[in-house]
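Taking it in order: structure first as structure tokens, then the write-up.
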There are 2 protein chains.
Amino acid sequence: MSNYDFNIRERAEMFKALGNPHRLAIFHRLVACCMPGTLCDTDCVERFTVGRLGDGLDIAPSTLSHHLKELNRAGLIEMRRNGKMVECWIEPDMLDNLGSFFAIPRDELMRNTK
Amino acid sequence: MSNYDFNIRERAEMFKALGNPHRLAIFHRLVACCMPGTLCDTDCVERFTVGRLGDGLDIAPSTLSHHLKELNRAGLIEMRRNGKMVECWIEPDMLDNLGSFFAIPRDELMRNTK
DNA sequence: ATCATAATTCGACATATTTCGAAATATAGA
DNA sequence: TCTATATTTCGAAATATGTCGAATTATGAT
């Protein structure tokens with residue numbers, strides 16, 4: 001159904017990326033807001049610049065950039081330059097895929113229904 | 001509904017624990033199998049000993065023990081000694097909680113439905 | 001009590017990560 | 001072209017992690 005299919009090593013890379021409090025905070029901000037390709041696209045685009053994502057995190061710009069790069073390398077976020085700024089967002093399908101990793105297998109659900 | 005409520009730092013600890021390929025493989029084995037407090041309890045208990053969890057991972061017992069401890073400390077797995085062996089398992093509620101972290105917020109889902 | 005098996009603790013070492021500041025790059029606007 | 005702003009790259013330092021082997025602890029069996 002989706003074009004996301006990861007092996008254990010790739011998934012570990014993703015979770016490792018989420019395993020840093022700063023990166024997780026950034027990721028969570030992106031999850032909590034809207035995503036491109038959706039109705040709220042134009043409303044929120046300016047809120048997703050690299051600079052904004054670092055607000056309140058108290059880290060150097062170079063550190064922020066490094067973390068964003070890690071999230072991007074792990075395949076968790078998308079980035080695109082738009083003029084002077086770089087915009088970041090999450091693809092909803094990616095989120096679905098991540099969540100499904102924690103789903104109890106179908107047949108176990110069957111057997112476990114008491 | 002559930003008694004799991006984690007802040008960003010605690011969640012980052014969880015994802016960090018899952019961010020190692022060996023630990024993720026171990027965790028995945030536990031997810032893919034049944035859990036205590038369920039019908040399949042007695043069938044599978046012997047499959048969850050520490051020793052079995054390390055099968056095929058090609059790591060020293062001390063390393064395996066270390067990884068299990070990390071998963072346990074992060075709150076991802078449960079451990080209980082049963083005779084000579086130590087059994088490991090995952091609480092289904094924990095899994096639900098982890099998965100829900102990646103759920104697109106309700107009102108965003110509304111707005112994004114095109 | 002002794003032995004064998006399962007698992008953990010400890011200490012050590014190599015490697016990886018986080019973080020920063022300084023310098024470099026990209027781009028819009030005067 | 002020059003300037004200001006946004007972001008990235010680079011190099012260095014401190015800290016954390018993954019791994020092992022040796023020693024230790026826990027438990028059941030002889």
Side-chain angles (χ1 to χ4, degrees), chain A residues 8-30 44-89, chain B residues 8-30 36 44-90:
Chain A
I8 285 286
R9 185 153 297 172
E10 289 168 328
R11 275 197 198 278
E13 282 297 316
M14 292 176 170
F15 291 130
K16 182 163 69 177
L18 296 178
N20 173 279
H22 287 148
R23 284 196 297 263
L24 189 59
I26 291 165
F27 182 82
H28 196 234
R29 258 179 209 187
L30 290 172
C44 302
V45 149
E46 66 104 23
R47 300 180 52 193
F48 297 158
T49 64
V50 168
R52 293 272 184 155
L53 279 172
D55 283 352
L57 287 186
D58 197 40
I59 53 178
S62 56
T63 305
L64 176 62
S65 184
H66 163 72
H67 284 320
L68 259 352
K69 194 169 151 190
E70 289 293 298
L71 287 169
N72 182 248
R73 281 205 314 168
L76 291 166
I77 70 171
E78 309 297 318
M79 302 177 81
R80 170 186 63 189
R81 184 171 275 274
N82 183 7
K84 263 193 297 194
M85 331 274 221
V86 169
E87 292 162 8
C88 308
W89 73 93
Chain B
I8 285 287
R9 185 153 297 172
E10 289 168 328
R11 273 197 200 278
E13 282 296 316
M14 292 176 170
F15 291 129
K16 182 162 69 177
L18 296 178
N20 173 278
H22 286 147
R23 284 195 297 263
L24 189 59
I26 291 165
F27 183 82
H28 196 234
R29 259 179 208 187
L30 289 172
C44 302
V45 150
E46 66 104 24
R47 298 180 53 193
F48 298 156
T49 64
V50 168
R52 293 273 183 155
L53 280 172
D55 283 352
L57 288 186
D58 197 38
I59 53 178
S62 56
T63 305
L64 177 62
S65 186
H66 164 71
H67 284 321
L68 260 351
K69 194 169 152 189
E70 289 292 298
L71 287 169
N72 183 247
R73 281 205 313 168
L76 291 165
I77 70 171
E78 309 296 319
M79 302 178 80
R80 170 185 64 190
R81 183 172 275 276
N82 183 7
K84 261 192 297 194
M85 330 275 221
V86 169
E87 291 162 6
C88 308
W89 73 94
I90 291 174

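Please read all numbers here as calculations on a predicted model, not as lab measurements. Numbers restart at 1 for each chain; the letters A, B, ... are given by sequence-line order, proteins then strands.
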- Item | Under 4.0 Å protein heavy-atom contacts per nucleotide of nucleotides 2-13 of chain D, with B for base, S for backbone only and - for none | ---BSSBB----
Could you state the atom-to-atom distance from [atom1] of [X] to [atom2] of [N] in whole Å?
X     : N      : atom1 : atom2 : answer
A/R23 : D/dA16 : CZ    : P     : 15 Å
A/K16 : D/dA16 : NZ    : C1'   : 12 Å
B/D55 : C/dA7  : CG    : P     : 10 Å
A/F15 : D/dT17 : CZ    : C1'   : 19 Å
B/R80 : C/dA7  : CZ    : C1'   : 16 Å
B/L57 : D/dC20 : CG    : C1'   : 16 Å
B/I77 : C/dA7  : CD1   : P     : 12 Å

Is any side-chain heavy atom of [X] less than 4.5 Å from a side-chain heavy atom of [Y]?
X     : Y     : value
A/F27 : A/I77 : yes
A/H66 : A/K69 : no
B/L71 : B/L30 : no
B/V50 : B/S65 : no
A/R23 : A/L18 : no

- Message: Taking the axis from the first five pairs and the axis from the last five, what angle separates them in the helix from C/dA1-D/dT30 to C/dA30-D/dT1, rounded to 10 degrees?
- Response: 20°
- Intermediate values then yes/no, side chain to side chain contact (heavy atoms under 4.5 Å, CB included), B/L68 and B/V86: CA-CA 11 Å; B/L68 260 351; B/V86 169; over 6 Å; no
- Query: Applying the side-chain contact (heavy atoms from CB on, under 4.5 Å) test to B/H67, which of B/I59, B/N72, B/L24, B/L57 qualifies?
  - Reply: B/I59
- Task: Check the surroundings of atom CG in B/D58: do more than 12 heavy atoms from other residues, nucleotides or ligands lie under 6.0 Å from it?
- Result: no
